[in-house]
> 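First, the structure itself, so that you have it in front of you.
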There are 2 protein chains.
Amino acid sequence: MHPSEKPRASAPIRRRVTAAMVAERAGVSTATVSLVANGKASGRVSASNEILVREAIRELGYVVDSIGSSLARGVSNTVIMVAPDISNPFFAMVIAGVRAALGSEYQLLLSVTDAGQLPSAENTRRLLGLRPAGLLVDAPDPTFLQELSAPGPMVLLDAPGFGSDVPAVNLDVAQGALAIAAHLSATGHTTVAYLDGDTGTTTFDVRREAFLTAAEELGMSVPPEAQIATTINVGLAANAFATAWPSWKKAGVTAVVCATDTHAYGILQEARAAGILIPGELAVTGFDDLPYSTTSSPGLTSVHLPGELLGRRAAEQLLSLIAGEELEQQPITLESSLMVRGSTLEP
Amino acid sequence: MHPSEKPRASAPIRRRVTAAMVAERAGVSTATVSLVANGKASGRVSASNEILVREAIRELGYVVDSIGSSLARGVSNTVIMVAPDISNPFFAMVIAGVRAALGSEYQLLLSVTDAGQLPSAENTRRLLGLRPAGLLVDAPDPTFLQELSAPGPMVLLDAPGFGSDVPAVNLDVAQGALAIAAHLSATGHTTVAYLDGDTGTTTFDVRREAFLTAAEELGMSVPPEAQIATTINVGLAANAFATAWPSWKKAGVTAVVCATDTHAYGILQEARAAGILIPGELAVTGFDDLPYSTTSSPGLTSVHLPGELLGRRAAEQLLSLIAGEELEQQPITLESSLMVRGSTLEP
DNA sequence: CTGAAAGCGCTTACAG
DNA sequence: CTGAAAGCGCTTACAG
């Protein structure tokens, strides 16, 4: 028995299996092991040696060490995703899509905050120390992107208004905002409030501006005091609404458009507590069409946004970029559609 | 001008700043740079040299490369967390707690699936190639842990029944189950159904067994055909309930206890579609007390589980372990409490 | 087809 | 207090 194989009583951690150990066992060099382990053997390693190495790998349970590999190659096999809020089910759907498309070749590393804000560029730059193969940034604001100035492959998600120089997969939120305006106008509303997100992400700007423009064209008014913004959080939205409601009511507001379903849930919650009738006294709409919008009371009228698909397409684009391919059409825009439910429609 | 400094027109990626570059600028060795950059200078680097190095670091914008550092030290500065389902808001809360406690010293790497099952041990082992400083495993099943057999610091979350040999932070779900049984018995129910999760995690076993035992003691019956299990998913739970309801009704079931709020939402949804009165015809309870349980219709009676605290405490334990400290009391158990709402109580 | 060797960027005994 | 040097595990020209 080799001395180093002597079992240690207190520390039963088995020795890390290295390429050198595999090489010795197979009677080849580590270069050959590397080629076989990375699937680059064909045409460069003899069939007999390949078999020898594969056997040794299996017998020893060898796995390529990603730290060593990353250092040698200059990049790791991780993909970093920057997203504002993991506790928001919408981002969870996006992430699910990303994971699905990424497969097992790349490890997904999440840089998220809990406050609904994007992580600081400073913080994200630390993650860059992990030498990711690529970067995915969901719902960025212009400053973040500027400060980050990351090298290498990057794809933006839900990031309208960043031009076509950086690859992006967007959602047609403007179309959704138009649909809301049309629906509210058709159901007789003339004075409407807008509850925005305060993250500073451009997608919120587009939602709001598209709605305001459409509302004006349709002859609906959105009084300045009826335009407020909060963090993407049920409780905070509820509070903001509770404070604002008296003045809204005075102004004749009969509907409120929210930048996200989460904001809308806050209104639903506060309305129930305060005895405000939805949709009788106040109609409510959201963006996202989260699963809970079907089960809420009443059901929430919301712009359906294909989160899972958003993540999937973005990851696919990134994979192409990493592979060094040229991207064809940029940016990609995914369709949205309005789901009408009880929060805007009397039963 | 040094040749390598010549600006390249097409590739504006600035050269990675290395410790060697800092060392040259400061007129010291890389060993000294390493000491200063890692805060290990005191008593080992002269004050004058420390200042020189700090200046060079700032001027060059040097950041320690975590790949090189990890390789040299044998461990990285990442902590891997294994969780069954990122789209479940409960896990999102747990993760938020973990992040809060971990701070910026360690990067949190999430190994999650989307199906509500734990990732395969195989898959997680690949993440181990990143040489994490520690491991956090949420709601494991016994097999997973056995297959994983990971070395190094590890803390389990919501993992009752794993003995005291591996550090864990648990939730007092048994207490919650008792509270549900008592509440249902007190409100007159005698025949009850149980909708379980099918993940195989021990925390679900404990919830169910504790409830069944308490129900029996209180003289409530839980017919075998009224004990079913599904994945943690609103739609799947709704389907399972739709199929089971006729036989439950025949058996006299007037309440259903769900292993998670997510399961309960499925019942709420299907009940509304099928015109089943909640709680008149059927009372419903859950575990988790997610934010949506306040806004659902009716509000959901649920066992409040401190998810954020769970994550925070687990991360704190792990940090101690990584620092080589001994853990005092093991396992830690966090209290739960029953939140009674409209799904079990007539207005 | 194959292996010796250099190199990725860092940390840590070690000798001075 | 300081630096030369070895080493972490791997990959990749390069010479044969």
Side-chain angles (χ1 to χ4, degrees), chain A residues 4 13 15-53 56-57 60-78 126 128-133, chain B residues 4 13-54 56-57 60-78 126 128-133:
Chain A
S4 69
I13 302 172
R15 199 95 186 66
R16 179 175 293 278
V17 178
T18 68
M21 295 162 71
V22 175
E24 192 187 350
R25 176 146 198 153
V28 299
S29 71
T30 58
T32 303
V33 172
S34 177
L35 256 15
V36 173
N38 289 299
K40 298 176 181 174
S42 105
R44 305 213 255 163
V45 175
S46 66
S48 58
N49 265 351
E50 183 169 354
I51 291 174
L52 250 25
V53 172
I57 287 179
L60 262 31
Y62 172 67
V63 180
V64 176
D65 182 85
S66 52
I67 299 286
S69 173
S70 299
L71 186 58
R73 288 184 321 184
V75 283
S76 72
N77 60 163
T78 57
R126 293 195 53 176
L128 257 30
L130 264 58
R131 309 244 200 136
Chain B
S4 69
I13 301 174
R14 39 183 173 348
R15 198 94 188 68
R16 179 174 292 278
V17 178
T18 67
M21 295 163 71
V22 176
E24 192 188 348
R25 176 146 198 151
V28 300
S29 71
T30 58
T32 303
V33 172
S34 176
L35 255 16
V36 173
N38 289 298
K40 299 178 181 172
S42 104
R44 306 212 255 162
V45 175
S46 66
S48 58
N49 265 350
E50 184 169 352
I51 291 173
L52 249 26
V53 172
R54 287 203 188 289
I57 286 179
L60 260 31
Y62 172 68
V63 180
V64 176
D65 182 85
S66 51
I67 299 286
S69 173
S70 298
L71 186 57
R73 287 183 320 183
V75 283
S76 71
N77 60 163
T78 58
R126 293 194 53 177
L128 257 29
L130 266 61
R131 309 244 198 135

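Values below: every heavy atom of this structure, side chains too, minus hydrogens, waters and symmetry copies. Throughout, protein chains are lettered first and strands after them, A, B, ... in sequence-line order, and every chain is numbered starting at 1.
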> Does A/Ser76 use its side chain to pair, donor to acceptor, with the backbone of A/Arg131 at less than 3.5 Å?
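Yes, the answer is positive, given that a donor and an acceptor are paired below the 3.5 Å cut-off.
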
> To the nearest Å, give me how far apart CG (A/Asp65) and C1' (C/dC8) are.
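Rounding to the nearest Å, CG of A/Asp65 and C1' of C/dC8 are 13 Å apart.
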
> Regarding A/Val33, tell me which of base, sugar-phosphate or nothing describes its non-hydrogen contacts under 4.0 Å with the strands shown.
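Touches nothing.
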
> Which whole-number value in Å describes the distance from A/Ile67 CD1 to C/dG9 C1'?
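Going from A/Ile67 (CD1) to C/dG9 (C1'), I get 12 Å.
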
> Between atom CG in A/Asn38 and atom P in D/dC10, what is the gap in whole Å?
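Taking CG of A/Asn38 and P of D/dC10, I get 10 Å after rounding.
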
> Counting C-beta onward and ignoring hydrogens, is there a side-chain heavy-atom pair between B/Val63 and A/Leu128 closer than 4.5 Å?
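No; the side chains remain at least 4.5 Å from each other.
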
> Quick one: does any side-chain atom of B/Asn38 pair with a main-chain N or O of B/Lys40 as donor and acceptor, under 3.5 Å?
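Such a contact is absent between B/Asn38 side chain and B/Lys40 backbone.
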
> Could you identify the nucleotide paired to C/dA4, looking across every strand shown and requiring Watson-Crick or G-U wobble geometry with both distances under 3.5 Å?
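With both distances under 3.5 Å required, C/dA4 matches none.
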
> Using the 3.5 Å cut-off, write out each protein N or O paired with an N or O of nucleotides 12-15 of chain C and the distance between them.
from, atom 1, to, atom 2, distance (Å)
C/dT12, OP2, B/Lys40, NZ, 3.2

> Write down the partner of C/dA13 under the Watson-Crick or G-U wobble criteria, each distance required to be under 3.5 Å.
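For C/dA13, the partner nucleotide comes out as none, under the 3.5 Å rule.
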
> For D/dC1, does either OP1 or OP2 sit under 4.0 Å from a side-chain N or O belonging to B/Asn49?
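No, because none of the side-chain N or O atoms of B/Asn49 sits under 4.0 Å from OP1 or OP2 of D/dC1.
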
> Pick the nucleotide of DNA chain D nearest each of B/Leu71 and B/Gly43; which residue has the one closer to the 5' end?
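Of the two residues, B/Gly43 wins.
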
> To the nearest Å, give me how far apart CD (B/Glu24) and P (C/dG9) are.
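The distance from CD of B/Glu24 to P of C/dG9 comes to 15 Å, rounded to the nearest Å.
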
> Taking CZ from B/Arg131 and C1' from D/dG9, how many angstroms apart are they, rounded to a whole number?
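Rounded to whole Å, this separation is 7 Å.
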
> Roughly how far apart are A/Thr18 OG1 and A/Leu60 CG, rounded to 0.5 Å?
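Going from OG1 on A/Thr18 over to CG on A/Leu60, the span is 8.5 Å.
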
> Calculate the interatomic distance between B/Arg44 atom CZ and D/dG3 atom C1'; express it in whole Å.
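Going from B/Arg44 (CZ) to D/dG3 (C1'), I get 14 Å.
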
> Above 12 or not: heavy atoms from other molecules or residues under 6.0 Å from CD of A/Glu24?
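No, because the 6.0 Å sphere around CD of A/Glu24 holds 12 heavy atoms or fewer from other groups.
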
> Can you identify which nucleotide, out of C/dG9, C/dT2, D/dC8, has its nearest atom closest to the A/Ser46 side chain?
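Of the candidates, C/dT2 comes closest.
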
> Whole-Å distance between D/dT2 P and B/Glu50 CD?
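To the nearest whole Å, that distance equals 10 Å.
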
> Does A/Ser69 have a side-chain nitrogen or oxygen under 4.0 Å from the phosphate oxygens OP1 or OP2 of D/dC10?
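No, no such contact exists.
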
> Nearest-Å distance, CG (A/Leu130) to C1' (C/dC10)?
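After rounding, the reported distance stands at 14 Å.
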
> Which is it for A/Val36 and A/Val28 under the side chain to side chain contact (heavy atoms under 4.5 Å, CB included) test, yes or no, and what are the steps along the way?
CA-CA 11 Å; A/Val36 173; A/Val28 299; over 6 Å; no

> Given B/Val53 and B/Val45, is the side chain to side chain contact (heavy atoms under 4.5 Å, CB included) satisfied, shown in steps?
CA-CA 10 Å; B/Val53 172; B/Val45 175; 5.8 Å; no

